[in-house]
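As a basis for the values below, the full set of heavy atoms in this structure was taken, side chains included, without hydrogen atoms, waters or symmetry mates. All values derive from a computational prediction rather than experimental measurement. Each chain gets a letter, A, B and so on, in the order its sequence line appears, and its residues count up from 1.
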Amino acid sequence: MELYNTSVRKKVKFTPLKGNRVRLYTCGPTVYDVAHIGNFRAFVFEDFLKRVLTLVGYDVTHIMNITDVDDKTIQRSMDRKIPIAELTETYTQRFFQDLDRLKVIPADGYPRATDHVKDMQEIIQQLLDKEHAYISNDGSIYFAIDSYKEYGQLAQLDLSGQKSSERMADDDYTKENPQDFALWKSWKPEDGDVYWESPWGKGRPGWHIECSAMSMKYLGHHFDIHCGGVDNMFPHHENEIAQSVCATGKPFVNVWLHNEHLLVDGGKMSKSLGNFYTVEDLLNHGFTSEALRYILLSTHYRTKVNFSLEKKHEAIKAVQRVQSFWDRLNEFEVSDGEMLPDESEAFINSLSNDLDAPGALGIAFDYIRKMNNRIDQKEITQAEITMAINFMKQINHAFDFLSLNIEVPSEVTNLAQLREDARKAKDWTKSDALRDQLKELGWEVRDTPSGPKCHLIDL
RNA sequence: GGCGUCGUACCCAAAUGGCUAAGGGAACAGUUUGCAAAACUGUCUUGUACCGGUUCGAAUCCGGUCGACGCCUCCA
């Protein structure tokens with residue numbers, strides 16, 4: 001498959017560094033607050049990447065960090081007068097809950113920054129030893145970007161032409177170069193009891209160092225894929241590269257993937273505009289997990305997606321189309337077999353082309369219409385049913401648009417049976433009344449050749 | 001100011017210089033249905049922001065204009 005590697009700004013053929021295993025690191029949340037739907041665009045994109053990699057046959061080891069210490073987190077815990085660990089644990093659990101609600105496959109590990117301070121210190125020491133870092137006069141440690149000639153390569157920044165503004169120079173008088181970034185922040189009174197002992201005194205790690213430490217610890221110095229939002233490209237990922245490469249003297253990440261942002265109503269999400277949505281908000285608005293996945297995946301990951309509440313209907317209808325076809329297929333007797341229709345190859349080719357999810361969906365919907373038509377015409381064969389089931393499983397492996405194993409409450413089943421009895425007796429008044437009754441319970445009944453079928457109403 | 005992205009039908013959104021520019025949603029008409037729902041068929045046919053250029057051939061490449069947005073400082 002081909003992936004767009006930000007590092008070289010073009011699509012490149014992807015091959016794992018070692019055998020069949022893809023080692024994947026994705027930047028996780030800072031757990032000082034609830035993550036919003038924009039954050040989850042990144043996490044759902046990464047989930048999709050992983051699903052496609054496994055669909056084409058790779059094994060994936062996926063690590064996502066949890067940033068549980070930084071300026072904002074410390075500030076929030078002080079404002080709320082609760083211990084930082086309590087604050088971060090609350091939002092970490094909330095994050096996992098939201099991932100689950102969006103049907104995101106869990107990572108193989110979610111290392112927390114605060115559990116890896118020692119690993120970070122080791123890297124910092126290596127950087128000091130190799131003179132890529134220096135201790136400033138307040139005890140903080142900075143990475144010297146002048147010591148790494150490749151600095152700016154990922155973001156394609158030419159730093160030689162940039163001059164430091166007076167403001168920066170004033171704020172950062174202890175740095176050798178205003179662009180140098182912190183590896184270790186010395187303790188200040190406003191940090192309270194948030195500090196770790198180190199060879200350089202009390203302090204806490206800079207933000208970028210955690211990803212270098214944890215990715216290399218769990219995936220090795222040189223691993224396959226590192227993902228994040230476009231905003232992380234600079235400075236975060238640029239700094240990660242500098243730290244990691246200079247500390248180990250080895251290549252760091254093979255392929256960098258960056259997803260574009262999500263806009264709401266054409267602009268940035270903000271609490272003051274009232275367009276700041278969490279997963280919970282949207283579920284309360286009547287979006288389903290599948291509809292949210294559809295919205296996040298039906299635009300290519302490198303294109304900005306414009307979210308709005310008006311998309312609910314479109315998204316729900318689209319995923320229901322897939323669901324209805326699946327339900328319809330399952331009314332047939334299914335025989336075993338690995339056969340797949342020709343469309344499966346086109347579908348996988350589309351996904352292999354830098355995760356062209358919209359293109360793949362086009363193929364899937366074309367196929368669904370074609371097969372619905374064959375069922376309507378009563379021309380469908382047993383072999384086609386089997387292939388359709390297998391193909392739909394592939395589609396669902398990648399997108400997860402189907403709600404499987406929904407249990408119909410016995411109350412609903414009973415009412416549906418009463419209605420069916422009334423229909424057989426041609427008592428249309430009674431049967432329509434029972435249908436209305438079911439509707440009030442949130443269920444819709446469809447009369448099919450094999451009897452009435454109940455479906456949850458999403459709208 | 002520096003770097004970069006984008007503009008495709010009523011809405012959303014693919015198309016890596018080459019067949020009639022996918023697909024989803026909405027709308028309208030029909031088939032089917034006791035009526036529905038779902039599904040199917042048809043319509044939405046001078047739709048690639050605008051102007052110019054390169055080419056046998058351009059949504060795609062180049063230049064310009066207009067518009068939207070991102071990064072350069074914490075960000076998915």
Reckon [X] touches a base, only the sugar-phosphate, or nothing at all at heavy-atom distances under 4.0 Å?
{"X": "A/H236", "result": "nothing"}
{"X": "A/G38", "result": "base"}
{"X": "A/K311", "result": "sugar-phosphate"}
{"X": "A/Y294", "result": "sugar-phosphate"}

Practice prompt. Return the 5'-most residue of the pair A/H300, A/L263 with respect to RNA chain B, ranking by each residue's nearest nucleotide.
Written response: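 Its nucleotide being nearer the 5' end, the pick is A/H300.
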
Item to complete: Specify the residue among A/C27 and A/S350 whose closest nucleotide of RNA chain B lies further upstream toward the 5′ end.
Response: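 Whichever sits nearer the 5' end wins; that is A/S350.
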
Fill in: Passing candidate, side-chain contact (heavy atoms from CB on, under 4.5 Å) with A/I84, options A/V194, A/T114, A/D68
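Answer to the side-chain contact (heavy atoms from CB on, under 4.5 Å) test with A/I84 among A/V194, A/T114, A/D68: A/V194.
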
[atom1] gap between [N] and [M], integer Å:
{"N": "B/rC62", "M": "B/rG23", "atom1": "P", "answer": "29 Å"}
{"N": "B/rA13", "M": "B/rA29", "atom1": "C1'", "answer": "26 Å"}
{"N": "B/rG53", "M": "B/rU60", "atom1": "P", "answer": "14 Å"}
{"N": "B/rG47", "M": "B/rC12", "atom1": "C1'", "answer": "14 Å"}
{"N": "B/rA14", "M": "B/rC61", "atom1": "P", "answer": "15 Å"}
{"N": "B/rU5", "M": "B/rU43", "atom1": "C1'", "answer": "37 Å"}
{"N": "B/rA15", "M": "B/rA9", "atom1": "C1'", "answer": "16 Å"}
{"N": "B/rU20", "M": "B/rC28", "atom1": "C1'", "answer": "24 Å"}

Are the aromatic ring centres of [X] and [Y] under 6.0 angstrom apart?
{"X": "A/H36", "Y": "A/Y277", "answer": "no"}
{"X": "A/F287", "Y": "A/F307", "answer": "yes"}
{"X": "A/F45", "Y": "A/F48", "answer": "no"}
{"X": "A/F399", "Y": "A/Y294", "answer": "no"}
{"X": "A/Y110", "Y": "A/F96", "answer": "yes"}

Does a donor on one side chain and an acceptor on the other come within less than 3.5 Å for [X] and [Y]?
{"X": "A/R446", "Y": "A/S324", "result": "yes"}
{"X": "A/E240", "Y": "A/S212", "result": "no"}
{"X": "A/D71", "Y": "A/T73", "result": "no"}
{"X": "A/S215", "Y": "A/H226", "result": "no"}

Just how far, in rounded Å, is [atom2] of [N] from [atom1] of [X]?
{"X": "A/H208", "N": "B/rA76", "atom1": "NE2", "atom2": "P", "answer": "13 Å"}
{"X": "A/D98", "N": "B/rA76", "atom1": "CG", "atom2": "P", "answer": "14 Å"}
{"X": "A/I295", "N": "B/rA13", "atom1": "CD1", "atom2": "C1'", "answer": "13 Å"}
{"X": "A/E238", "N": "B/rU73", "atom1": "CD", "atom2": "P", "answer": "12 Å"}
{"X": "A/Y301", "N": "B/rA13", "atom1": "OH", "atom2": "P", "answer": "17 Å"}
{"X": "A/I363", "N": "B/rA15", "atom1": "CD1", "atom2": "P", "answer": "11 Å"}
{"X": "A/L297", "N": "B/rG24", "atom1": "CG", "atom2": "P", "answer": "17 Å"}
{"X": "A/E310", "N": "B/rC11", "atom1": "CD", "atom2": "C1'", "answer": "10 Å"}

Practice prompt. For nucleotides 25-38 of chain B, just jot down a letter per nucleotide in 5' to 3' order: B, S or -, based on protein non-hydrogen atoms under 4.0 Å.
Written response: SS-------BBBBS

Worksheet item: How would you list, by chain and number, every residue that makes a salt bridge (charged side-chain N to carboxylate O under 4.0 Å, His left out) with A/R302, sequence neighbours excluded?
Response: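 Here the qualifying residues are A/D354.
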
Discussion item. Going by the rule salt bridge (charged side-chain N to carboxylate O under 4.0 Å, His left out), which residues pair with A/E411 if we only count those two or more places apart in sequence or in a different chain?
Written reply: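 Testing A/E411 for salt bridge (charged side-chain N to carboxylate O under 4.0 Å, His left out), a comparison that skips the adjacent residues, returns none.
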
Item to complete: Report yes if at least one side-chain N or O of A/N373 is closer than 4.0 Å to OP1 or OP2 of B/rU41; otherwise report no.
Response: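 True: A/N373 side-chain N/O within range (under 4.0 Å) of B/rU41 OP1/OP2.
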
Discussion item. Taking only side-chain N and O atoms of A/N372, does any of them lie within less than 4.0 angstrom of OP1 or OP2 on B/rA39?
Written reply: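 Result: no.
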
Contact list (N/O, under 3.5 angstrom) for nucleotides 3-8 of chain B vs protein:
none

Worksheet item: For RNA chain B, what string of dots and brackets results from 5' to 3' when Watson-Crick and G-U pairs need both distances under 3.5 Å, crossing pairs get [ ], and pairs with another strand get |?
Response: (((((((..(((.....[....))).(((((.......))))).....(((((..]....))))))))))))....

Item to complete: Return each pair, listed once, that meets salt bridge (Lys or Arg N to Asp or Glu O under 4.0 Å) where at least one residue sits in residues 95-105 of chain A; pairs must be two or more places apart or across chains.
Response: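 Found A/R94-A/D98, A/D98-A/R101, A/R101-A/E280, A/K103-A/E290, A/K103-A/D400.
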
Worksheet item: Can you tell which of B/rA14, B/rC74, B/rA76 lies closest to the side chain of A/P358?
Response: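 Shortest atom-to-atom distance from the side chain points to B/rA14.
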
Practice prompt. Please tell me if the side chains of A/Q243 and A/H208 come closer than 4.5 Å, counting only heavy atoms from C-beta onward.
Written response: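 Contact flag for A/Q243/A/H208 side chains = yes.
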
